[in-house]
Every structure is written in structure tokens, then in C-alpha cells.
Amino acid sequence: MSNIMNVRILRLPHSEGLDLPAYGTAGAAGVDFQAAVEAPLSLKPGERTLVPTGLCIALPEGYELQIRPRSGLALKHGIMVPNSPGTIDEDYRGEIRIILINAGTEEFVIERGMRIAQGVLAPVVRMQWQECSSLDTTDRGHGGFGSTGH
Ligand SMILES: O=c1ccn([C@H]2C[C@H](O)[C@@H](COP(=O)(O)OP(=O)(O)OP(=O)(O)O)O2)c(=O)[nH]1
């Protein structure tokens, strides 16, 4: 991929020894974040938790980082990111933390260094409201939520 941006990243002490989030293949869209837990963290079915990454970043202006689940963990263990895609704002300087929920049927143990979720850099277009008294008409109109029958 030729589309590459520099992003400043700061390691906190508890991420020592872990890798910086990396792309798994030459064409991967997301970098994998590792769990910076000090000890294995057990997640029972139905439980959710906040997993530290030990990393802080400063995104380029006009970008967000989206935190998304990994399909393998979702399929094999039911491990999901309930707020997916999680939003890391360009002005956030705190530690990136990842919310995980065990939607599976068995206990899941998060080990230090486990790749738990992925982050995709995405451009953001901000809105400027133009308040008005009416909107243009369309075929769809107010129809939604299954109104087309599919
Ligand atoms: O999965 C996530 C989601 C968010 N954040 C951090 C970065 C983000 O910039 C900040 C705020 O996130 P969000 O706007 O989703 O949270 P909120 O619930 O609206 O809280 P706030 O009032 O702090 O904006 O929290 C994470 O570390 N992980």
C-alpha cells in the first residue's frame, strides 16, 4: 500500500516488551493492538471489560482511528467490541483502551500480548449544519427500517 501517514505514538510503562500495533500483511487495513494486561484476564460468557493497550497517539488533523473486532476471535470465541467501531478522536491523548465482550458460551482468557482488536485510520469530514424549514422530496421519503420489504 502506498498510502502511508506518520502517526506519533507514545508507549506507557505497562506496554514495555509488547510490539507497536502492526499490519499483519502488506495489504491489511488495520493494525493489531495487543493487550497490555499485567496478568491473564478472564472473561466469562456475557462479561465485558476494558483492556489497556499501554499506548497513546496523536492522530493527524482530520482523521480518526476506528477500533474494530478481529473476525477470528469473533468466530471462534464470540469476542466482540461492543462499541464497534470504537472512535479514537484526533484530540485524544489518553491511553487507548479496548472494550471487549464475551458473547460466546465459554470463558475466554486474555493473555498479555494477545492481539485483541484492530485499528483502522479513517478520514473524517465534519458537518456544518444549515438549518432550514423544509427538505427536498425523494422516492424513499420517510420510509425505512424494512419499508422496501427486504
Ligand atoms: O474504544 C474506545 C473508544 C474511545 N476511546 C477513547 C478515545 C476517544 O477519543 C475517547 C472518547 O471516546 P467516545 O467519544 O467514544 O466516548 P464518550 O463515551 O462519548 O466519552 P467522552 O465524553 O469522553 O467523549 O475515549 C478508547 O480509548 N477506546
Side-chain angles (χ1 to χ4, degrees), residues 1-132 135 140 142-147:
M1 234 180 244
S2 57
N3 235 357
I4 291 179
M5 300 196 91
N6 290 326
V7 178
R8 291 170 65 81
I9 187 162
L10 176 78
R11 283 179 193 268
L12 298 173
H14 56 282
S15 69
E16 201 183 312
L18 299 181
D19 300 327
L20 289 183
Y23 293 101
T25 65
V31 291
D32 289 334
F33 279 94
Q34 294 181 317
V37 288
E38 306 285 354
L41 182 70
S42 162
L43 209 53
K44 294 196 172 60
E47 274 186 348
R48 59 182 183 275
T49 191
L50 193 57
V51 184
T53 66
L55 300 169
C56 305
I57 62 173
L59 288 168
E61 206 181 312
Y63 286 82
E64 61 157 334
L65 185 71
Q66 299 181 345
I67 304 296
R68 305 189 193 170
R70 295 188 66 212
S71 61
L73 288 182
L75 178 65
K76 290 180 206 147
H77 305 286
I79 297 300
M80 296 162 59
V81 176
N83 60 327
S84 179
T87 306
I88 308 299
D89 298 286
E90 74 169 47
D91 57 354
Y92 181 68
R93 296 293 176 271
E95 179 180 8
I96 295 176
R97 296 185 180 91
I98 293 169
I99 308 169
L100 293 182
I101 186 165
N102 183 353
T105 52
E106 284 168 20
E107 179 188 27
F108 182 76
V109 179
I110 302 163
E111 309 271 1
R112 182 173 178 81
M114 182 180 273
R115 292 177 296 136
I116 49 167
Q118 57 186 317
V120 176
L121 185 66
V124 172
V125 179
R126 296 188 72 176
M127 295 177 283
Q128 184 171 278
W129 298 118
Q130 286 189 290
E131 198 171 353
C132 53
L135 301 174
R140 175 179 286 278
H142 290 252
F145 311 100
S147 66

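Residues: numbered from 1 along the sequence shown. We count ligands from 1, going down the list as the structure has it; atoms in each ligand are counted the same way.
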- line: Note: ligand 1 atoms sitting under 4.0 Å from heavy atoms of Ile96 are 27 (O)

- prompt: By number and element, which atoms of ligand 1 are closer than 4.0 Å to a non-hydrogen atom of Glu95?
  reply: 27 (O)

Among all the protein's non-hydrogen atoms, which is closest to [atom], and how far away is it?
atom: atom 9 (O) of ligand 1; value: Asp89 OD2, 2.5 Å
atom: atom 2 (C) of ligand 1; value: Arg97 O, 3.5 Å
atom: atom 25 (O) of ligand 1; value: Tyr92 CE1, 4.0 Å

field: Test item, Ile99 contacting ligand 1 (heavy atom, 4.0 angstrom)
entry: no

What's the spacing between [X] [atom1] and [Y] [atom2] if we round to 0.5 Å?
X: Leu20; Y: Ile57; atom1: CG; atom2: CD1; result: 11.5 Å
X: Leu10; Y: Glu95; atom1: CG; atom2: CD; result: 10.5 Å
X: Phe108; Y: Ile101; atom1: CZ; atom2: CD1; result: 13.5 Å

message: Pair Glu64, Gln66 - check side-chain hydrogen bond (donor to acceptor under 3.5 Å, both in side chains), show working.
response: CA-CA 6 Å; Glu64 61 157 334; Gln66 299 181 345; 2.8 Å; yes

query: Nearest non-hydrogen atom to atom 12 (O) of ligand 1 belongs to which of Thr87, Leu65, Asp91?
result: Thr87

Strictly inside 4.0 angstrom of [atom], do you find any protein heavy atom?
atom: atom 5 (N) of ligand 1; result: yes
atom: atom 17 (P) of ligand 1; result: no
atom: atom 20 (O) of ligand 1; result: no
atom: atom 28 (N) of ligand 1; result: yes

field: Pairs involving residues 76-90, ordered by first then second residue, that meet side-chain hydrogen bond (donor to acceptor under 3.5 Å, both in side chains) (sequence neighbours left out)
entry: none

message: Using only atom types and a distance under 3.5 Å, with no angle test, would you say the side chain of Arg70 pairs donor to acceptor with the backbone of Arg115?
response: yes

statement: The answer for which part of Asn83 has a heavy atom under 4.0 Å from ligand 1 is side chain

- prompt: Quick one: does Ile98's side chain get under 4.5 Å of Leu50's, heavy atoms only?
  reply: no

query: If you count the non-hydrogen atoms of other residues, nucleotides and ligands that lie under 6.0 Å from CZ in Arg93, is the total more than 12?
result: yes

